[in-house]
Each structure stands twice: as structure tokens, then as C-alpha cells.
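Heavy-atom basis, side chains included; hydrogens, waters and symmetry copies ignored. Chain letters run A, B, ... following the sequence lines, proteins first and then strands; every chain starts at 1.
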Protein chains: 2
Amino acid sequence: MSTPPKAWNTLQANRAARVGRARAAVGADLDGKSVPAARINDLLHSVIECGDRVCLEGNNQKQADFLAKALAGLDPARVNGIHMLQSVLALPEHLDVFERGIASRLDFSFSGPQAGRVARLVASGQLNIGAIHTYLELFSRYFIDLAPRVCLVAAEAADRHGNLYTGPNTEDTPAIVEATAFKNGVVIVQVNRIMDVLPRVDIPGDWVDFVIRSPAPYYIEPLFTRDPALISEIQVLMAMMAIKGIYAEYGVQRLNHGIGFDTAAIELLLPTYAESLGLKGKICRHWALNPHPTLIPAIEAGFVETVHSFGSELGMEEYIRARPDVFAVGPDGSMRSNRAMSQAAGHYACDMFIGSTLQIDLQGNSSTATAGRIAGFGGAPNMGADARGRRHASPAWLKAGRQAREGRNTIPRGQKLVVQIVETFREHMQPAFVDRLDAWTLAEQAGFDIPPVMIYGDDITHILTEEGIANLLLCRTDEEREQAIRGVAGYTPVGMARDKRMVENLRDRGIVQRAEDIAVDKRLATRDLLAAKNMKDLVRASGGLYAPPRRFRNW
Amino acid sequence: MSTPPKAWNTLQANRAARVGRARAAVGADLDGKSVPAARINDLLHSVIECGDRVCLEGNNQKQADFLAKALAGLDPARVNGIHMLQSVLALPEHLDVFERGIASRLDFSFSGPQAGRVARLVASGQLNIGAIHTYLELFSRYFIDLAPRVCLVAAEAADRHGNLYTGPNTEDTPAIVEATAFKNGVVIVQVNRIMDVLPRVDIPGDWVDFVIRSPAPYYIEPLFTRDPALISEIQVLMAMMAIKGIYAEYGVQRLNHGIGFDTAAIELLLPTYAESLGLKGKICRHWALNPHPTLIPAIEAGFVETVHSFGSELGMEEYIRARPDVFAVGPDGSMRSNRAMSQAAGHYACDMFIGSTLQIDLQGNSSTATAGRIAGFGGAPNMGADARGRRHASPAWLKAGRQAREGRNTIPRGQKLVVQIVETFREHMQPAFVDRLDAWTLAEQAGFDIPPVMIYGDDITHILTEEGIANLLLCRTDEEREQAIRGVAGYTPVGMARDKRMVENLRDRGIVQRAEDIAVDKRLATRDLLAAKNMKDLVRASGGLYAPPRRFRNW
């Protein structure tokens, strides 16, 4: 009995069949690539097959929203069992595809705004989660075991050959399109405009199958804009401690900041407090960071030499164009962001990550998961993990590594600084320090293999609260670590249960440091220290180049 | 006193000046981009400035050799103090630039063939090493603090607009060019051909400044080709233990193999030994791997579903073209490799790395550094490190994580399998197990901050020798770990000094496993088990599609 010869080009043949069906169904001009927006339903019905892995571009900023809506509007009798691949679930349509029975499985990174609805769909069995990833990890799997059959992405403009201009918000697009096009998948793009000549080409036209000019520009969220008017004096105090007790202490030159007011306060204290400490040129020179508006005063003051960005930020376009020495600006004068490369850089080329969290347990594990909400991680775990594959040295990395290994019989190694900055109580007087993370409950509810921890305790080097800094690098036992954490947990139950004698001993050893221990003068901790006190100040600092979105203007 | 306004576009202005000088010096056609090979000296003299960071494309395979030679031939009186950025130092010209005083500083990843000469130039003060990196880490720094002012890269072909076709050997080129072009650096490319229409576009023309058709095609090294005729029966035995004791034990589906005969033997045992164990479809389905010729029989047998590659391999082009379901093949039918994305995938999307080393110490730290040779790391530390930022689960990753944490009061977490496979004695009867790594001596000689360790002991999960498997995940103390290592170190001095009683105890607990403990029948460990016994067998297995380079043919 002979078996028929194995076919090795099933993906190619299947791709040709899909494209052929689509051409027959909708026609297409521009080298056969352009499809009218009105025919999107027919295009998707002819291209997508049941059970497909479909990657929809949607991250914490840029949304292929026209395509998302079209996908959610397909006929579930014709298209179902779709396995969605997606960085971020942000729009209602991202969940509608599950509710309507078009999609059934999901691999993703983050679902902030839709976290509650994700949890409900999981509970009802309409949504089956493959896994929660970080961005770079999800992109990585697109190249290994989760290659999309179809991707739906967004670009600023296309030309008649299908070349794409993604401009400042390049973000996830190159990684998604490369993984799809080079595994014989079908690439479908919504664009805001069709142009004769693009400002530059971000993605070559021969990687692209279909281009649709969407009726409205793709949606973009100004997620990294923080109004300085909302920064509290507690946050100013914490920022002072961060700068003096950590940034200056380790000489941190390459770093990433998480999102939020705590780190925005640090950015706004660089030209004032850090400058007064003589730290210009000594800290914060190179960044993997989105173009935070609150970074403008530090850039103007000459603190910041370079910024490479995951994505852009609405309103910052003209400022970036006028500061090409700082940002990654192309020959055309506009920025190119690249989430994959910036995440790699955040992991491997930065000495520090500092960000906030919702809960920290007694081992230092931190999580943003709360019961009833499956929110995911985004990029924090990638940035907030010791990069154990890193081999190049820097003073900050060497010092952290030395502190972690002092007195231990182990080969020398550097270590990344991973700082969690939190107030002891968050909104509604919820303590940030807990005996047990809500992540455990969530894991039980959702049937996860392990609790969704954002940053593990053994990757965290410092916890900073308004009560002080706990340097976990210097702790030598689990008990010391626990007491160091309790020591900065203030009046939370976790903090109240501390062993006072042991915490004082840790303080003597520099493991717990109060503001006064590092000569941070609390009387200076006022909003006067902020280099910009409101949005208007940021605009002014930018020389009028920064144009905040309307919702941030009150003038 | 007023200070003059700060200039924010110095890089743009400087770039324009360089390009202007070059155009004036050499002229240029093809939209002003093409420069005759005979004018390369003038081009580089007019573009490169003293002290520049210059990134020269050269990795373990593909070499921008025409540009490397031209750079080494510049006038050191006119161009000097160059800071070279380079993945791999492979060609004599890569060191000539230092010897001739054109370059003085180096940031790199690997220098295998030139390691001795690097060490001598460091000792003489002609070469100052910034740091040794892994590939992805070096690319990451190009986006953060080491943006090239000029990059010199290689492509297969260019069209008249400067669009580049890099084809199967895309490798480092996209990362280097993106980092340079979007920081207003100058991009210079040597190409084998100028074509009217490229098979596909890999890099958009507007990221490229100058194109030179080189007199000869760029050099490429078939580094990943291993002749099965040179595989020993000891290596067959070790491969059997790897498959049964580790691959099957953990159900490893996504993985990366290091380079060498040890892992080539495993590849050649998949269709024979692994098949006989019923493992098809259960292990080794998805790979981050160059197209190893020794993987052909496993591909043909249906073991391998997908392969994403860092680079290509000479002679594999037609085979890859005929197996598009397996490899990352573009619409044009040829592969696109991508070192940055494949390294990210090796780190984040793979459950296992297995590779060889030269030395292992009693803590499990391993290194390929030997005194007098500054060789660097390549990609092994990135692949061979626990990816602590990873959050998606798989059975292999969960099991490794459970074993590492059993009986410990710590939050559950997965872990990457990192296996070192070595014979107890390497060439010239040098023991692979040592009390102290040569890396210490090298660090002292070269003035490194810390010894250049390839993989740290606390990232290694298993050590496999002809004596057995040491499962370090299950060790609970430093002493257990040391004895587990001694227990597989055979007749080396390290092995002879083992505590026999303790090793037997570890064996009872499954921490040390001999071949017989996992029912590996040593009598089967003959070359008959190899799916291909020589190069001709590989060609035959490929249906005549694989065309080995001449040096591997003896027929």
C-alpha cells in the first residue's frame, strides 16, 4: 500500500484560493489590492475561513477599528470558531466577536477596559483563553506556533502598490505583517488615506494583500498623557525619594517608566529636583518610552538624550518632529515607533524599570489582577524581569548584581533594577499590600494554571512608598524580605503587623530607608517642585509644539 | 547673559552634510543612490567622520565583506577613532581596522574565528572593548544608546529606488538599517545585483542612502552544516538519553538547538528512535532554528511543523522553497530570516534550549571562554536563560517550574528548560568539568568587570553527558547541585572527586539518571540509528533538493 506524496505547500495553495475568492467577490483596483469600504463584509467573508487564527491589530493605543467592527458584523453561520490573536482588547467589538459566536478562542496581552467583560465571557464558556502574554512574547509566538492565517491591521496611508506608511504609530504593525506574510497568510489593512507618494514606506507593498480606505481615521488613544494638575504632593515626595534614593544611588542612565502619575511626577522633577542635585548627564539619558508629554520639560532641560518608543502619543507629533536628535525620526521627519524592538530594548538595553501596581504580597509578588477582571499584563512583565540573558555591563547593573550577591558564594553577575512605586493605600482606601494576591482567586475562577502575577517578587529589587524604600537586593532571607516589605507598608494591616525591632534593624542596615535617611527634605515635597503644573505648562514648555487632545484642555 | 537656542536637529543636519559630501565626491545614479564599486574609498571617506559609531554587518553567516575590506583600507590619517558595532568578528578585515588605527573601540557579540587576535589587540591597547553582548541585546542597544551614525550592510539585490531584497539571508539587516535610518544615520549597502524588479522588497528604498554593486557576491558561511558521517556512537547514546529523558519527559514542543554534532545527532534520531517511542506529534513540533541540513529527515518524517530562522543555510535554498508549509517563506517563494525576531522567539516562545559548551563548573556555570581567546557569546545566553518575563504556560514550562519549586513556599511559576549537552572529555582529553572556569582568568587578563559566563548555573536545568542526566531543577541545596554535577562528570577529576554515597542517593531520587535508569538500551546506540549517515543521505532525504556546498561533498 503506498501513501500519496505529502503536500508541502498547503498554506500557499490555501492563500491563493482565499485571494482568488476575494478578487472574484469584490474586485480590487490599485494593482488588484484596493477594496472599497462598502465591500468589507464580502472581503472578509471570502478571505476568512472557520477556525482561522486571525490577528487583529489593537494595542493600548492604535486600533484597526474599522476592521474590528467589520469582523464583529460577519455572519456567524458562515464564519465561526475563529482563534483571535490580539495585543489588547480595548473596544466593545473586540468582545462582540465572541458574544456573537464568530470567535471562540483568544491569545492576548492586555484587556484593561474590557477586563470585566472578558471574565464574564470566560465564565459563560463563550471565550476560551489560550494564554495571557506580554507583547513581545505574543509577537514571538506569531513566528513560532501562532502564525496568523489572516491579519487585520491599520496604517496611516497606502500608495497604489500597497506600500504602507504607518508614521509615528508604527507600533505592532511590522511584527504582525511580517509573521503573516511570510507564512502565506493574508494581510488586510485599513488606511486613513491613499496617496500617490507616501512620506516614507514603513511596510513594503508586496507583503500586503488588500487595502481598504476606511470611512474614518483609525482610533487612537492618548494613553500616556498625564495632566500634571492631578499629581499629588505625596507623589512629589515619592518622586524625590526615587530620584535620590535609587536613580542617583545607582546612576541609572538607561530606563523605562511605567504608565501613571507616580512616574509622571518623577519625569517632572528631573529639571527641578534632580537638576538641583547635580544629576544632569548622570541619570536618565536614554529611554525606551512612549513620548510622554510629561517628559517635555526634562527634554528641554537637556536631561534626555534619546527616546525610542513603542508607539507614539497623540498631540506630540509636531514636538517630536522638532526634536529629531531625541526621538527616532525618519528621513521624512516623522517618528517610527516599533513595539517589538522597543520591548526588546526595554528588556535588554535598560538598567531599570519602574512602575506601579495594584497589589503586592509579602514575597514581593505584584499583580494588577483583581477578582472578576481578567486584565492581562501588556509589557510590564517583560520590562520588569531581570534580563538573565543580558551580558553587557553598566555601573547600575553591576551594583545591583553586587548587592544581591554580597556575602554569597556565587559567580558575579549583574542585575536589572525593577522598582515598584505605590502608595500604601490606593483609591477607595484599598491597601496596596496584601497577604494574598487577588490573582489567586482569579486563577481559580478562570481556570488558569498559575496565578497571573505581573512581576514576581524575586525580580523586584525595590519597593517605594510614601513611607520609604525597601531594598530587596540586600535581604538575605525570606523573613528579612517580608519585614522589609512590611516596613514600607505604612498603616495597612500588612504594615501594622510588622516586627518593629526587625524593621529598625533593617533600617540600620540600609535595607529600609525613610525619606530622612537619604536626606530627602519633606518640606520641599510640594507641587512647586513640578516643572509643569498643568497641561498649559507642558504646552508652554514645548514652545507651543505639543497639542494636547481636546479632553486634556480646559482653556 | 543669554545662551543661544539649543539646536535639536544636529543629526539631521550632519546627515545631510555627509550625504552632500558623498554626492559631490562620487556622484550617484539610481535616484542618486548607486555608487560604482571603484569609488567606494571616496564614498566612505566622505561619509564617515572620526569617532563615528559604525555598524558593519557581519554575523556568523553573512558578511558585508566588500564594505569590510573597503573600511579596513581607508586612510587612518583621515578616518580614525571609529567605534565599531558588529555582531560577529569573522574576517581578518574586521581586525585590520583596529590594527591600522582606523577603529579603536568595539561593541560586539561573537568573535569565534578571530578570538585569539581580538585578545592580542586588547592586550596591546589597540582595541578597547565596550562590552560583549548577545545578538538581541546588541540590536536593542542600537535603538537606545548605540545608534550607528553609519551602517554598512549586505543584500542580495537592489532596484533603482534602493529597495533591497535580502532573500533567505535577511538576518541582521532589518534591525541594523531601521536603527540607523531612523536616527538620521547613513545607510550604505553592498548588493550582489541591481535588478529592475526585485523578487520581493525586504527593506524599503527610502531607508537606504547608497547602494554599491560589489565585484563579488557577499561571503556567506555554511556554519550550521554538520556531516552525519562525523557523529560518534557516544553522541548517538547522548541523543537517545536527551530524547527519552528530557524531550519526552517534559513533552517539549517548541525549542531551539545549539550548533554542533551533539544536537545534530538528536535531529537525526527523531525519525528513528523518537518515532519508535511514539513521540511524533508530541515533541519537537515548532522550532526557532536555522535550516539545519540534519533536520531534513525529521521534516520529511513529519516531525517538524514549523521552523523560524535567524539566518539561512547555504545549499538549503531549494529545499526550503519546496517546503513552504514548514519554513517562513514569502509570497516570492524564498525564505525571510530575521535574527532579531527569531532571537525574541527563542527567548519567549520556546520551552527549551539545548546546546554544548566547553567548560562547566561546580555551580553549573558554563563558558566557552578560554584564556587568550575573547570569543563572546552569540545567541546562546539569550536562548539559554530563563525567560522571566514570560507569562504564557505550556506543559513543559509548567513541569519545569513545578520541579524547581516543589516543597518551597513560593508562588507557582513556569521555567524554561536549559540543557547543556557535553561529553565529559572534549578534544585533546580536556575535561569539560572544571573547578574554576577559564572565564575568570580571561576576565582578569582583559579587564572585564565580571567573568564572561555563557550560561549561568541557576539558569541551567539539566546537564547531559555520556554518564547520564543531572536534573538541577530537583536539587535543593548547593551541595546537592555540586554532587549532581560531579555525578555525571565521569572520569574527569571533578567526577572522580564525587561523594559516591550522595550521588547514589541523588540517583534514587531521580536527580542523577543513568541510561539504564530511563531504559535507554546502550546496545542500540550505534550509528545505525542515524536517519542519515552522511551528506549523501541528507541529499537523498531531501529528494535531491538540498545542494551541499562543495567542501561537504566527497562524491
Peer 1: By a 4.5 Å heavy-atom criterion (distance strictly below it), what part of A/Glu137 contacts chain B: side chain, backbone, both, or neither?
Peer 2: both
Peer 1: Check whether A/Ile132 gets within reach of chain B through its side chain, its backbone, both or neither, counting any heavy atom under 4.5 Å.
Peer 2: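 The backbone, not the side chain.
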Peer 1: Quick one: which of B/Ala175, B/Ala131, B/Pro412 has the most heavy-atom pairs under 4.5 Å with chain A, could you say?
Peer 2: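 Of B/Ala175, B/Ala131, B/Pro412, B/Pro412 has the most heavy-atom pairs under 4.5 Å with chain A.
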Peer 1: Checking side chain to side chain contact (heavy atoms under 4.5 Å, CB included) against B/Phe182, which of A/Met335, A/Met341, A/Arg336 comes through?
Peer 2: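 So the option named by the test is A/Arg336.
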Peer 1: Starting from the C-alpha separation in whole Å, work towards a yes-or-no answer on side-chain contact (heavy atoms from CB on, under 4.5 Å) for A/Thr306 and B/Lys183.
Peer 2: CA-CA 10 Å; A/Thr306 67; B/Lys183 208 70 204 176; 4.1 Å; yes
Peer 1: Counting only non-hydrogen atoms closer than 4.5 Å, does A/Phe327 touch chain B with its backbone (N, CA, C, O), its side chain (CB onward), both, or neither?
Peer 2: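 Looking at A/Phe327, just its backbone touches chain B.
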Peer 1: Sort out for me which of B/Val307, B/Thr10, B/Asp386 touches chain A most, counting heavy-atom pairs under 4.5 Å.
Peer 2: B/Thr10
Peer 1: With a 4.5 angstrom heavy-atom cut-off, is it the side chain or the backbone of A/Ala443 that approaches chain B, or both, or neither?
Peer 2: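 For A/Ala443, no heavy atom lies under 4.5 Å from chain B.
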Peer 1: Where does A/Arg285 contact chain B at under 4.5 Å (heavy atoms): side chain, backbone, both or neither?
Peer 2: neither
Peer 1: What part of A/Pro451 is in contact with chain B, defined as an atom under 4.5 angstrom from a non-hydrogen atom: side chain, backbone, both or neither?
Peer 2: side chain
Peer 1: Give, as side chain, backbone, both or neither, the part of A/Trp440 having an atom under 4.5 angstrom from any heavy atom of chain B.
Peer 2: side chain
Peer 1: Name the orientation class of the two ring planes belonging to A/His347 and B/His347 (parallel below 30°, tilted from 30 to 60°, perpendicular beyond 60°).
Peer 2: tilted
Peer 1: Under 4.5 Å, counting heavy-atom pairs only, tell me which of A/Asp361, A/Asp202, A/Asn184, A/Asp325 racks up the most with chain B.
Peer 2: A/Asp325
Peer 1: By a 4.5 Å heavy-atom criterion (distance strictly below it), what part of A/Asp107 contacts chain B: side chain, backbone, both, or neither?
Peer 2: neither
Peer 1: So for A/Ala288, is it side chain, backbone, both, or neither that comes closer than 4.5 Å to the heavy atoms of chain B?
Peer 2: both
Peer 1: Between A/Ala7 and chain B, which part of the residue has a heavy atom less than 4.5 Å away: side chain, backbone, both or neither?
Peer 2: backbone
Peer 1: With a 4.5 angstrom heavy-atom cut-off, could you sort out which part of A/Arg254 is near chain B: side chain, backbone, both or neither?
Peer 2: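 The side chain, not the backbone.
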Peer 1: Which bit of A/Asn382 is near chain B, if near means a heavy-atom gap under 4.5 Å: side chain, backbone, both or neither?
Peer 2: both
Peer 1: Checking heavy atoms, do the side chain of A/Glu178, its backbone, both or neither come under 4.5 Å from chain B?
Peer 2: side chain
Peer 1: Using non-hydrogen atoms only, which part of A/Phe143 is less than 4.5 Å away from chain B: side chain, backbone, both, or neither?
Peer 2: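 Interface part for A/Phe143: both.
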